[in-house]
Each structure stands twice: as structure tokens, then as C-alpha cells.
Amino acid sequence: MNEILAIAGGTWRRILRMRAVYFLILCVMVLIASAINYDVLSLDHHKDLMIDFSLVLNTLAVVLIVISVTFEIPVELREGVASTLLSKPLGRTHYLVGKALGTSITGLIISAIIIAGFFIIFNFAFGERISMAMLQSHVLVALSVIPMSAMAVFFSVIIPEMITPIVTAIAIWFAFSTSALANVKILYGGILPALDLYNFKSFAVYGEKINWDYIGLSILWGLAFSTFALSLASLIFRQKDIK
Amino acid sequence: MSEYVISTENLSKTYGFLFWKKEKPSLDKLTLKIPKGVVFGFLGPNGAGKTTTIKLFMDLIKPSSGTVSILGKPAGDIEVKRKIGFLPDAPAFSQYLKAYEFLMICAKLLRIPSSERKKRIEEVLAKVKMTEYAKSKLGGFSRGMLQRIGIAQAMLNKPEILILDEPLTGLDPHGRQELKDIIIAQKKAGTNVFFSSHILSDVETMCDQIGILHRGKLLCHGELNSLLSEKGCRVMIAAGKEDIAKELMPDSIKSHKLNNGGWELEFDEDEKFKEKLNLMKEKEGNFITIMPSTENLETFFFRTIENNIKTVNLNAEGI
């Protein structure tokens, strides 16, 4: 476990030291706050708009954090950083799990910052405290980072470096559209996660509470998918020649 | 426990996959046994297969055929990896990390007890003279500084075997000398050292055993002294007397040159060499010195490689 945490630590240090991450958080906050100006355009539904904005932007931020790992792993493999790490008593599976864990933890941290920022902005703008449904919806968005990270690690290992981020982004878009693309789902037969499970925007907007059991099951489903994706990635990665 | 620290048996590696497989193997049936307590120099021109061999030792790449065993266990065994210190060719580390942070990650991966980590990191940083850069980011380091950090991480676990891929490359003369001192100190401390290098003079001064690899094939390996010391004899005679030697042993003289007022003649050793020397003496040959003729590593290296090229060419021509 220590080895996995050491690799994860390297990943979250890298992401949290990127200035772009703080710029991203700032942009997200500004955009959430900007919803207050859409009172006319939204026929006084600017409060709902802000909730919607916050969830969309939180998701987008998490996706960008996840995509960053699709750059990190191929670069480490190409530049020889991975060979130094893998020459230590570290299994290849541990390396991949560490990367997924590091990305997930960072995604959760960034998401938590965005949620806190949104709550402050919301309270300041409307003088109201956020509802439980809003909190639960945001928690689900934050938790979606777990299967997304596993998916990003999987693609980083199996496809060429140049197209990994694009393929991952497309796959995430598909995965968020599992309801809309219900007929297509059979084509990818569960290889992509059903990220729609984490999308509860309407519940947040209309204040409908989500069952905590559902959230618990979503976490378990995310972990099960991650185990599957990382096992598959590990199977391939173990046979791979490291530069 | 195996008597060899590193042992390979018909180890081959051909890069590529299925239809994209290269025609020629990068490493061809390497059989190598390295005993305990030696500094082993692995030599060969670029593309000879040195780095491929080292990566096979570290289980970073998979062999096409054959076996590798390190300390009696297969390459890649987690317990064995804990006893190895490895410096890759052109070391690259995460640029956003500080030197101390990187070494801390390595210490965790090596499962060094948390109470010892800090002390051990400080020790290795001092050994490679990088203490003042502990809090600097690796992204700003020069090649030589990265090489030092690479050596530091390789020594962090007090390894039983140090495997160094081109450790002297990128270092200035001062740094090279320091690294040579470190390697010699490691050897004295009982560490087995395996390293590849292009710098033959350094290999000659540090190694007990060498192996020469060319085009994926091991051309020779063994004790450095025995490989270099079995070639003929050098005789110094007074000026004007070289005609006697030429007359007596026309086929045996490898070279002759005027040196410090006398002639230095180099002979190939043969069965009747001593007999011929006595004949020379009888014919007024005025010897100054007789000494065994040893090749230096550079001459030996080039001769071995050239012989291999000639053999390969002859084979290709079907002669």
C-alpha cells in the first residue's frame, strides 16, 4: 500500500503544482458567479442556472484533471521516469493503481474546493443555504472521478500517446451519454462506465433528495468498474517493454 | 544461494511484435555469469545491446528467449529488486519534484523504515555532493546533476548489486573522478557493481572483469588482467642491434620502434620464443629490458571488434 501511496503522492503533487489548475478553479468560480447576471435571459431562473452551472463546471474541472493523467503516464514512459520507478520493488499494477489513486484524490480535492466556492457564492448571491440535494449532486460529480481516472489510466496504457487525451475525452463524453445513447450501449458492452449514474442535475435544481443508498451503490459501482479497468490495463502493461 | 550475482542463459531479445518484429535480434543468446565481489564493465559500441541487456536484468523489457537470474532469483522478483540499485541510461525524473521529494518517493518504494529515510537521503546526497540542491526542483538540473541524483537514488537502499548504465556519461572530469571513487568505495564495502561504459580508460582502472558486446553478441568476457596480459613480450635492445632480431625472428616481430636511444621490439609469443632470445644473446644482442607485452583495453577492445567485423563479413561472403 505504501508503494501505491508514494506513486499517488507524486501524481497529486504534480497536478497541485500546476498554475493552470488554480487558474481553472478561478475561472470556474467566476463563471458560477456570472449566472447571477442572467436573471432576464433566464426569466428569473438564474438561481437554477447557477446550480446547473456549478454542476457542469465541477464536472468539467474533474474531467480536465483526469485528462491530465493521460499526458503524465505516456510522458513518464517515454522519458524514462517510469523505468526508474519500476526498477524499485514496485509491481506494474501498483504503478497503475497509484496513478489512478493520485488522480482520483486530486480530482476530489479540486472538486471539494469548487463545491465550497459554489456554496459561498450561492449564499452570498441569494442569502440561502444550499439544499441537501445540491450537496448530494455535487458529491456524485466528485465521485465520478474514480471510474474516470481508471478509464484514463486504461487508455494511457493501451493506445498511442498522441491520441490518448482525445480518445479519453470522447470516451468520457460517451460514458456521460449512456441514457441518451441507450441503444449504442450494447456496442461498448460496459467497457465504458455509465457516468450518467453520477449526473443528478435536475434533482439538485428541484431540490429532490437523493437516497444515500444510491450514493453508496454509486461508489461501489465506481470501485468495481475501476478494478475491472485497472486489471485489464495491468494485464496489458505487464507485457509491455518499458523504455 | 547462487554463487553468481548475475547469470544469464541464452538470453535473446528481438524488438517488435508479430509482423513488426525486427529481423535481427538486439541481443543474441547471451550467456554470462558474474561472480560475487567483482566490478564488471560491460563494453560495446553504440547499438551493441548493452542497454537492452541491462533492461532485461531489471525486468523492464521481456526476453524473447532465455533466462536471467539475479542473486539466484528470476529478474523482476520484488525481493531481489530491493537489493538492487539501478541507474538508467540518461536518467530522467519527474521535473516538478524537488531532489529531496524524489528521493523520499524512492525511499518509500524501497520500503526503507520511515525513521531512517531522512538520514539515508542526507547520506546519499552528501556522497554525491548534492546536499545544497536538496530543495531544488529536478526540472532545473543539468545532465551531470541529474546523473548525481540518479546515483544517489541507486545507493539509497545500500544495494547488494549496483547496475549502472553509462554512469560516467554527462559528468565533468571532476564528477567522473568522484563517481569512480564512489564505485571503488562501494566495491570495498562488498557491493557488486555492473556497469556499461564507453570510457575505456575508466573501465580499465576500475573493473575486475569485462565483457565486450557487439551487434548483440558477447565476443568475450573474463578477468581483465588475463584478457590483456597474454599477448607476447617486449624487448628493449641497444640501438643498431635490431637487425639481429629481425634476422632471427622475422615472423614474430609485431612492431619495432626507436625508443630512448634503443629499439623496442614487440614479439608474438610462440613455443620457441625463449630459445630465440638466447640465440639473440649469443649473437651480441645487448638487452636492456625484457618485459611481458600487455595490451591496453582500448587496443584490445578495437582488435576484438575488428576481428568480429571481419568474421561476420567473411561469413556473409560465404568464405
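Proteins get letters first, then strands, A, B, ... in listed order; numbering begins at 1 in each. Side chains included, hydrogens not; waters and symmetry mates left out as well; all remaining heavy atoms used.
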Measuring heavy-atom distances to chain B, does [X] have an atom under 4.5 Å in its side chain, in its backbone, in both, or in neither?
{"X": "A:Arg78", "result": "neither"}
{"X": "A:Arg17", "result": "side chain"}
{"X": "A:Ile4", "result": "neither"}

Can you tell me if B:Lys217 has over 12 outside heavy atoms packed within less than 6.0 Å of its NZ? no
Using non-hydrogen atoms only, which part of B:Ile84 is less than 4.5 Å away from chain A: side chain, backbone, both, or neither?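 For B:Ile84, there is no contact with chain A at all, as no heavy atom is under 4.5 Å.
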Please flag which part of B:Lys55 lies under 4.5 Å from any non-hydrogen atom of chain A: side chain, backbone, both or neither. side chain
For a quick check under 3.5 Å, do [X] and [Y] share a side-chain donor-acceptor pair by atom type?
{"X": "A:Thr164", "Y": "A:Thr70", "answer": "no"}
{"X": "B:Tyr15", "Y": "B:Ser64", "answer": "no"}
{"X": "A:Ser54", "Y": "A:His138", "answer": "yes"}

Close aromatic pair by centroid cut-off 6.0 Å: B:Phe57 and B:Phe194: yes
Any side-chain heavy atom of B:Ser196 sitting closer than 4.5 Å to one from B:Ile54? yes
Heavy-atom side-chain contact between B:Arg176 and B:Asp172 under 4.5 Å: no
Chain A contact residues among residues 91-109 of chain B, heavy-atom distance under 4.5 Å: B:Ala92, B:Phe93, B:Ser94, B:Tyr96, B:Leu97, B:Lys98, B:Glu101, B:Phe102, B:Ile105, B:Cys106, B:Lys108, B:Leu109
Angle class for the A:Phe225/A:Trp221 ring planes (parallel below 30°, perpendicular above 60°, tilted otherwise)? parallel
